[in-house]
Every structure is written in structure tokens, then in C-alpha cells.
Number of protein chains: 2
Amino acid sequence: MGSSVVMSSKQKVYQGVLQKIRQYIDHQHLMPGDKLPSERELADTLQAGRSSVREALRAMELLGLIETRRGEGTFLSTYRPYETVELLSSFILKEARTRKDLFLAKKILEKEAAKLAFSRIDGQDLDKLEHLLHDSLMGPTDRHVAFFKYLFAKSENLLLARVWQLMEEFSHTINKLYYNKVFYIELVQLYSTKNYQLIEPLFDSFAIVDDQME
Amino acid sequence: MGSSVVMSSKQKVYQGVLQKIRQYIDHQHLMPGDKLPSERELADTLQAGRSSVREALRAMELLGLIETRRGEGTFLSTYRPYETVELLSSFILKEARTRKDLFLAKKILEKEAAKLAFSRIDGQDLDKLEHLLHDSLMGPTDRHVAFFKYLFAKSENLLLARVWQLMEEFSHTINKLYYNKVFYIELVQLYSTKNYQLIEPLFDSFAIVDDQME
DNA sequence: GGTTAAGGGTGGTCTGACCACTTTACGGCG
DNA sequence: CGCCGTAAAGTGGTCAGACCACCCTTAACC
């Protein structure tokens with residue numbers, strides 16, 4: 001950084017600013033928490049208007065790349081791609097807003113998490129899962145969410161977990177979904193008897209209970 | 001739309017503007033290509049400054065949600081996340097673990113699409129898939145993308161397809177990935193011999209070829 | 001040394017000016 | 001009446017400037 005924003009005939013100033021900021025972050029080896037130059041300084045250095053700098057920063061902020069704090073400055077944030085997926089998914093899910101697509105996609109993720117978690121479920125986990133199933137203070141949807149949150153944590157694939165969570169949260173705007181209670185009991189049994197090959201057939205044999213039909 | 005931006009104590013004006021625009025898109029059932037109100041009109045209607053409106057629009061533009069054209073206006077775009085993906089990739093690369101998550105998640109989706117497509121693959125589809133495999137003008141990555149694009153279309157689960165597409169585009173910024181060529185041939189064979197039960201083991205037995213290691 | 005107030009710096013928001021480009025409207029001519 | 005050219009109106013794009021809310025640092029006072 002030190003040169004003005006390069007103005008290609010098609011590129012808007014905020015896009016040039018964005019590129020320069022990214023280069024600055026790279027060259028300075030900035031880590032999350034590190035401070036960027038002030039808006040005014042950026043505007044001076046890049047010979048752009050402060051508004052144009054702000055437009056670039058707002059775009060980055062929405063993507064979760066930076067955090068701006070009034071009176072303090074602009075800081076590189078711990079990058080959380082999942083927040084971006086959240087915003088994007090709100091559009092994606094809207095387009096694909098058929099119940100069938102959503103529920104099947106979610107079921108697939110749950111099934112795969114169940115299988116990924118398989119080798120990591122020990123006796124203690126079984127206890128916790130069974131405790132969940134027998135907690136009579138929990139409604140079926142909450143139990144479902146807690147159950148699979150547990151399994152997704154065990155799967156140790158954060159991206160899958162987050163995508164599932166977004167689908168789960170989004171599906172709540174449609175209605176509440178869960179499997180028949182026998183399903184959960186049988187899945188825990190499969191973990192108990194170490195019967196990996198029966199996980200997929202189990203998912204295939206249980207239909208989702210659709211709260212809206214009741 | 002018609003009320004001013006609600007100012008919560010923590011929310012910035014541009015975030016409120018963003019919400020209102022999203023609501024407007026919903027209420028008007030806007031489709032890609034449809035025109036949004038002008039910046040000045042939005043500023044009047046939402047009782048915000050034009051700069052604040054622009055900040056919100058820049059953020060949406062960077063996400064590929066809208067397209068602004070000087071002299072014409074602001075249009076809802078057919079969702080194309082290319083610019084976003086490029087911007088995010090420089091940050092997503094920093095986490096090797098995220099990378100591992102991404103590849104595994106993508107493989108899972110590809111596997112499930114292959115299975116969902118199973119019952120819809122006919123002789124004509126087989127011809128097309130085989131044609132893909134024998135197109136020597138295609139590099140391995142392009143072939144992989146075309147191959148699975150085809151399968152996801154056959155799966156008829158638009159949500160899964162979109163999530164996979166997003167992951168696929170993310171992963172391209174990291175490196176180029178595909179399976180060993182024998183994989184595709186064997187999968188087409190499974191379709192030909194109608195051997196559904198072997199799809200999952202096939203995916204389990206093939207490692208992803210990582211271009212970066214070559 | 002501790003506390004408080006002031007000063008300087010930060011981001012946040014808005015207004016206004018002006019430019020480049022597109023679309024619309026109007027007038028003149030055939 | 002239709003077409004063409006020009007001007008006006010409308011669009012986004014950029015910048016400067018003003019002022020506010022907040023934060024941090026420094027200086028002054030007890």
C-alpha cells in the first residue's frame with residue numbers, strides 16, 4: 001500500500017480499495033485482532049474518498065472479515081466462513097424452498113454425521129445420548145436438535161455441522177421436524193452393538209415426523 | 001418497505017437498510033433481473049442517508065446478490081458468488097483443517113447425489129456420461145465438475161446441488177480436485193449394471209486426487 | 001498516586017456537489 | 001405521422017465536508 005487505487009475502466013473505486021486492503025493484510029502478515037489503518041488514513045494513502053473506503057470496509061464487514069469499532073478502529077477478525085454461508089444460504093435456501101429438498105438434504109447430513117461419529121462414540125457418549133432420550137422435559141424437536149448437535153460434534157467436521165445447523169435453523173421457519181422416537185433408540189442401539197452397516201438402512205427406513213401434519 | 005430503518009442500539013444503519021432491502025425483495029417476489037428502487041428513493045423511503053444505502057448495496061454487490069449499472073439502476077442478479085469466493089479464498093486457505101472439512105463434506109455430497117441419481121439414470125444418461133469420460137479435450141477438473149453437475153441435476157435436489165456448487169467453487173480457489181479416472185468409469189459401470197449397493201463402498205475406496213501434491 | 005476532565009483520534013451518518021452514463025421527452029424536419 | 005437529434009431528467013459513482021458518538025490518552029488537580 002502506498003499507491004493510489006488503480007482505476008481500470010470497469011472497476012469501481014471500492015473494488016480497488018478492497019484489493020489494496022487485502023494486499024496490505026498479506027504484506028503486513030496481519031493476524032486476527034490486528035488493527036488496520038484508519039479510514040481517513042486509508043483514504044489519504046489510496047487517494048480515494050473516505051466514502052469509497054467505507055464502502056469497501058462495509059463489504060468486508062458483512063463478510064465477517066473485519067470488525068469495526070467506533071472510537072477504536074478497524075480490526076481483522078477471526079475469520080468465520082460460516083457466517084458468510086449463513087447469509088448466502090438465506091438466499092440459496094429461499095430459492096430451493098421446497099420442503100422435500102430441504103428435509104432430504106438435512107436427513108442426508110444427519111445420516112453422514114451419524115456414520116462419521118460412529119468410531120468416536122464410547123460408553124460415556126452412549127450414556128449422554130440415552131440421557132437425552134429419557135429427558136422428559138424436552139420436546140421432540142429440541143431433543144432432535146440436541147441429539148444431532150452431539151453427533152455432529154463427534155463427527156469433527158465443522159463445515160458439515162454448520163451447514164446442517166443452518167438447514168436446521170432454516171427448517172424451523174417452516175415447521176418443526178424430528179424422527180419417530182424409536183429411531184433415536186435404535187440408532188443408539190447400533191452404536192452400542194457397533195453395527196455400522198445398519199446405520200444407512202435405519203435412516204432409509206424412518207420417515208421424518210412432520211409437525212405440521214399433526 | 002415504507003418505514004424508516006429501525007435503529008437498534010447495536011445495529012448500524014447499513015445493516016438495517018440491508019434487512020429492509022431483503023424484505024422488499026421478498027414482498028415484491030422479485031426475480032433475477034428485476035429492478036430495485038433507486039438509491040435516492042431508498043434513502044428517502046428508509047429515511048437514511050444515501051451513503052448508508054450505498055454501503056448496504058456495496059455489501060450486497062460484493063456478495064453477488066445484486067448488480068448495479070450506472071445510469072440504469074440496481075438489479076437483482078442471478079446469484080453468482082464468484083467475487084465473494086475469490087475474496088474468501090485468501091482467508092479460507094489459512095486453515096488447513098477447514099480445508100479438510102471442505103473436501104470431505106464435498107465428497108459426501110457427491111456420493112449422495114450419485115445415489116439419489118441412481119434410479120433416474122437411463123441409457124441416454126449413460127451415453128452422455130461416457131461421452132464425458134472420453135472427451136480428451138477436457139482436463140480432469142472440468143470433467144469432474146461436468147460429471148457431478150450432471151449427477152446433481154439428476155438427483156433433483158436443488159438445495160444439495162447449490163450447496164455442492166458453492167463448495168466446489170470454494171475448493172477451486174484452493175486447488176483443483178478430482179478422483180482417479182478409474183473412479184468415474186466404475187461409477188458409470190455401477191449405473192449400467194444397476195448396482196446401487198456398491199456406490200457407497202466405491203466412494204469410500206477412492207481418495208481424492210489433490211492437484212497440489214503433483 | 002488516583003481521579004477527573006479535556007483533547008485528539010476513531011468510526012458513523014448525513015448532506016451536497018459534481019461527474020459519467022442511460023433513458024425519456026420534446027422539438028424540428030421530411 | 002414518423003423519425004432523428006438534442007436537451008432534460010434520472011440513474012449510479014465519487015468525493016469533500018460537517019457533525020456526532022464513542023474511545024483512548026494525556027494533563028491537571030487533589
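Order of the sequence lines sets the chain letters (A, B, ...), proteins ahead of strands, with each chain counted from 1. Values below: all heavy atoms of this structure, side chains included; hydrogens, waters and symmetry mates excluded.
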Indicate, with a heavy-atom threshold strictly under 4.0 Å, whether Gly71(A) touches base, sugar-phosphate, or nothing.
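The answer is base, as Gly71(A) lies within the cut-off (heavy atoms under 4.0 Å) of a base atom.
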
Students often get this wrong, so: under 4.0 angstrom with heavy atoms, is Arg69(A) touching a base, only sugar-phosphate, or nothing?
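Sugar-phosphate contact only - Arg69(A) comes under 4.0 Å of backbone atoms but never of a base.
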
Would you mind telling me which of [options] lies closest to the side-chain atoms of [X]?
X	options	answer
Glu55(B)	dC15(D), dG11(C), dT13(C)	dT13(C)
Ala48(A)	dC23(D), dC15(D), dG12(D)	dC15(D)
Arg70(A)	dA20(C), dT13(C), dC22(D)	dC22(D)
Arg58(A)	dG12(C), dG12(D), dC15(D)	dG12(C)

Length of the [atom1]-[atom2] vector between [X] and [N], whole Å:
X	N	atom1	atom2	result
Glu39(A)	dC22(D)	CD	P	17 Å
Leu42(B)	dG12(D)	CG	P	8 Å
Arg40(A)	dC15(D)	CZ	P	16 Å
Phe75(B)	dT11(D)	CZ	P	11 Å
Arg50(B)	dT11(D)	CZ	P	10 Å
Leu57(A)	dT10(C)	CG	C1'	13 Å
Gln15(B)	dG11(C)	CD	P	16 Å

[X] with [Y]: basic N within carboxylate O range, under 4.0 Å:
X	Y	value
Glu110(A)	Lys107(A)	no
Arg69(A)	Glu67(A)	yes
Glu61(B)	Arg58(B)	yes

Where Ala114(A) and Leu187(A) come nearest, the two heavy atoms and their spacing:
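Nearest pair, atom of Ala114(A) first, then Leu187(A): CB-CD2, 4.3 Å.
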
Can you see if the side chain of [X] gets near the phosphate of [N] - specifically, an N or O under 4.0 Å from OP1 or OP2?
X	N	result
Thr74(A)	dG11(C)	yes
Ser52(B)	dC14(C)	yes
Arg54(A)	dG12(C)	yes
Ser51(B)	dT15(C)	no

Filter on salt bridge (Lys or Arg N to Asp or Glu O under 4.0 Å), then keep only pairs touching residues 127-145 of chain B, sequence neighbours left out; what's left?
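Checked against salt bridge (Lys or Arg N to Asp or Glu O under 4.0 Å) - neighbours excluded - no pair reaches residues 127-145 of chain B.
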
Using the closest heavy atom to pick a nucleotide of DNA chain D for each, name whichever of Gly49(A) or Lys35(B) lands nearer the 5' end.
Lys35(B)

